[in-house]
Amino acid sequence: MTETSEAVADRPSARAVGPAMSIELAPEQARSFAPEVSHFPLGSRVFLTHLTGKPEAMQVEAALRIREKGYIAVPHLGARNFKTEKDFVDLVAAHSRNGITEALFLGGNPALFPGPMDESAQLLAHPVLRDSTIRTAFVAGYPEGHPNIGDADLADALRRKLEICDARSIDARVVSQFAFDGAAMGAWARGLHDRYPGLPVHVGLAGVTSLAKLVKFAMMCGVGPSIAALKRSASGLFNVIADRNPADVLEAMSTSYPQPAGPLHLHFFPFGGWEKTLAWYSEHRGARRLRPGD
């Protein structure tokens, strides 16, 4: 039997060498996405955003394009972005026609939304998934908590979503919002592995970009507690203007959780462009003597 790229990445031997990586793109970036194989191996995951006001056909086309390029397309599906239940059904059906096997299920950000659904659990429980090609479901994680949801409610929501996936024989994974406190992120991942042994966790990291952009996107995405630490780490005009990479976050996370008890991977939000982030991580990986793709 031939192993999938996901199975190889999750083997304990692979985790001992280094984590697999994924990256997030807007659908319109898919056409020009052509990284060097040494920077981003074939079979890696490419997440595709689902934003209010953007045509869903654009995401369908982008996911097919990414799949045809040899990567695993992971489209976002945001409950609050669907005006009707049929819109969700139609989008899942379109991705299924193209053989898309993974998706990220989200509630979505709009406080005011036009449709009948507002939670990712509603999407996961929908009967359309039974007849779809989607067999792996990513759900969101929040290392620093959520600005509008208490920790107990977050934990209960995650439990319910994992139970839905288990009941439907869907492989569940957690991918997190980005943050800047590596020690807290490591502790969060350790807590998930303690509660859910074997659960694959993909830790979100901001890619290579300027401090000003990092703070801007952090505020937009509700990443609050570690912004102060990010600002303190940069002093002087040069450090504010210069591009920053997440090496210090990775180091702190590794120190906090040096021997992961379950699959632990990296997911990049390339705010400064995917080229910069992938080139940096390739160099960083080489300095640590990790294999391509780790």
Return the minimal non-hydrogen interatomic distance between Pro143 and Met185, and the atom names on each side. CB-CG, 4.0 Å

Assign the ring pair His265 / His202 to parallel, tilted or perpendicular, where the plane angle (0 to 90°) is split at 30° and 60°. tilted

Determine whether Leu199 and Arg173 satisfy the following criterion, side-chain contact (heavy atoms from CB on, under 4.5 Å), listing intermediate values before the conclusion. CA-CA 6 Å; Leu199 176 67; Arg173 291 171 172 258; 5.6 Å; no

Val92 side chain near Leu77 side chain, heavy-atom distance below 4.5 Å: yes

Taking His284 for its side chain and Ala247 for its backbone only, find out whether a donor-acceptor pair lies under 3.5 Å. no

Verdict with supporting geometry, His76 and Gln59, side chain to side chain donor-acceptor pair (under 3.5 Å): CA-CA 9 Å; His76 294 199; Gln59 189 197 67; over 6 Å; no

Please check: side-chain N/O of Ser176 versus main-chain N/O of Gly204, any donor-acceptor pairing under 3.5 Å? yes

Between Asp243 and Lys276, what is the shortest heavy-atom contact and its length? OD2-NZ, 2.8 Å

Is Asp194 paired with Arg190 through a side-chain N to carboxylate O contact shorter than 4.0 Å? no

Check Lys83 with Asp87, please: is the shortest side-chain N to carboxylate O separation under 4.0 Å? no

Minimum heavy-atom distance between Met253 and Leu266, given as atom pair plus value: CE-CD2, 3.8 Å

Between Lys54 and Glu28, does any NZ, NE, NH1 or NH2 come within less than 4.0 Å of an OD or OE carboxylate oxygen? yes

Does some side-chain heavy atom of Tyr71 sit less than 4.5 Å from a side-chain heavy atom of Pro35? yes

Decide yes or no for Leu162 and Asp166: does some side-chain heavy atom of the first lie under 4.5 Å from some side-chain heavy atom of the second? no

Give a yes or no on whether Lys86 atom NZ has more than 12 heavy-atom contacts from other residues, nucleotides or ligands under 6.0 Å away. no

Shared hydrophobic cluster for Phe33 and Leu42 (ILVMFWY, side-chain gaps under 4.5 Å): yes

I want to know whether Phe82 and His50 have ring centres closer than 6.0 Å. yes

Kindly indicate whether the side chain of His39, heavy atoms from C-beta on, has any atom under 4.5 Å from the side chain of Glu283. no

Min side-chain heavy-atom separation Glu102-Arg45 under 4.5 Å: yes

Taking the hydrophobic residues Ile, Leu, Val, Met, Phe, Trp and Tyr, and joining any pair whose side-chain heavy atoms are under 4.5 Å apart, which ones share a cluster with Tyr142? Ile149, Leu154

Using the rule side-chain contact (heavy atoms from CB on, under 4.5 Å), only one of Leu104, Leu124, Val175 pairs with Val139; which is it? Leu124

Side-chain donor/acceptor of Ser132 to backbone N/O of Ile134, under 3.5 Å: yes

Taking the six-membered ring for Trp and the full ring for Phe, Tyr or His, determine whether the centres of Tyr281 and Phe40 are under 6.0 Å apart. no

In this structure, would Leu64 and Val46 fall into the same cluster of hydrophobic residues linked by side-chain contacts under 4.5 Å? no

Where is the tightest heavy-atom contact between Ser120 and Lys161, given as atom of each residue plus distance? OG-CD, 3.1 Å

Partners passing ring-ring contact (aromatic ring centres under 6.0 Å, His included) against His267 (at least two apart in sequence or in another chain): Phe47, Phe269

Can you tell me how far NE2 of His126 sits from CD1 of Ile164, rounded to the nearest 0.5 angstrom? 12.5 Å

Looking only at non-hydrogen atoms, find the nearest pair between Ala189 and Val201 and report the distance. CB-CG1, 4.3 Å

Shortest non-hydrogen separation from Thr277 to Gly207 and the atoms involved: OG1-CA, 3.3 Å

Please determine whether side-chain contact (heavy atoms from CB on, under 4.5 Å) holds for the pair Ile66 and Val74, giving the CA-CA distance in whole Å, both sets of side-chain angles, and the decisive distance to 0.1 Å. CA-CA 9 Å; Ile66 289 297; Val74 187; over 6 Å; no

Are any side-chain N or O atoms of Ser96 and backbone N or O atoms of Thr133, one a donor and one an acceptor, separated by less than 3.5 Å? yes

Quick one: CG on Asp156 to CG on Asp151, what's the gap to the nearest 0.5 Å? 12.5 Å

Linking I/L/V/M/F/W/Y whenever any side-chain heavy atoms sit under 4.5 Å apart, do Val174 and Tyr196 land together? yes

Kindly work out whether a path of hydrophobic side-chain contacts (I/L/V/M/F/W/Y, heavy atoms less than 4.5 Å apart) joins Val60 to Val89. yes

Is a side-chain donor or acceptor of Asn98 paired with a backbone partner of Ile100 at a separation under 3.5 angstrom? no

If two hydrophobic side chains count as joined below 4.5 Å and joins carry through other members, does Leu278 share a cluster with Trp280? yes

Do Ser282 side-chain atoms and Ala279 backbone N/O form a donor-acceptor pair below 3.5 Å? no

Determine yes or no for a side-chain-to-main-chain donor-acceptor pair under 3.5 angstrom, with Gln122 supplying the side chain and Glu119 the backbone. yes

May I ask you to decide whether Glu61 forms a salt bridge with Arg31, counting only side-chain N to carboxylate O separations under 4.0 Å? yes

Less than 4.0 Å between a side-chain N and a carboxylate O, is that true for Asp171 and Arg135? no

Taking Ala125's backbone N and O only, do any of them form a donor-acceptor pair with Arg168's side chain (distance below 3.5 Å, no angle check)? yes

How are the rings of Phe178 and Phe271 set to each other: parallel, tilted or perpendicular (split at 30° and 60°)? perpendicular

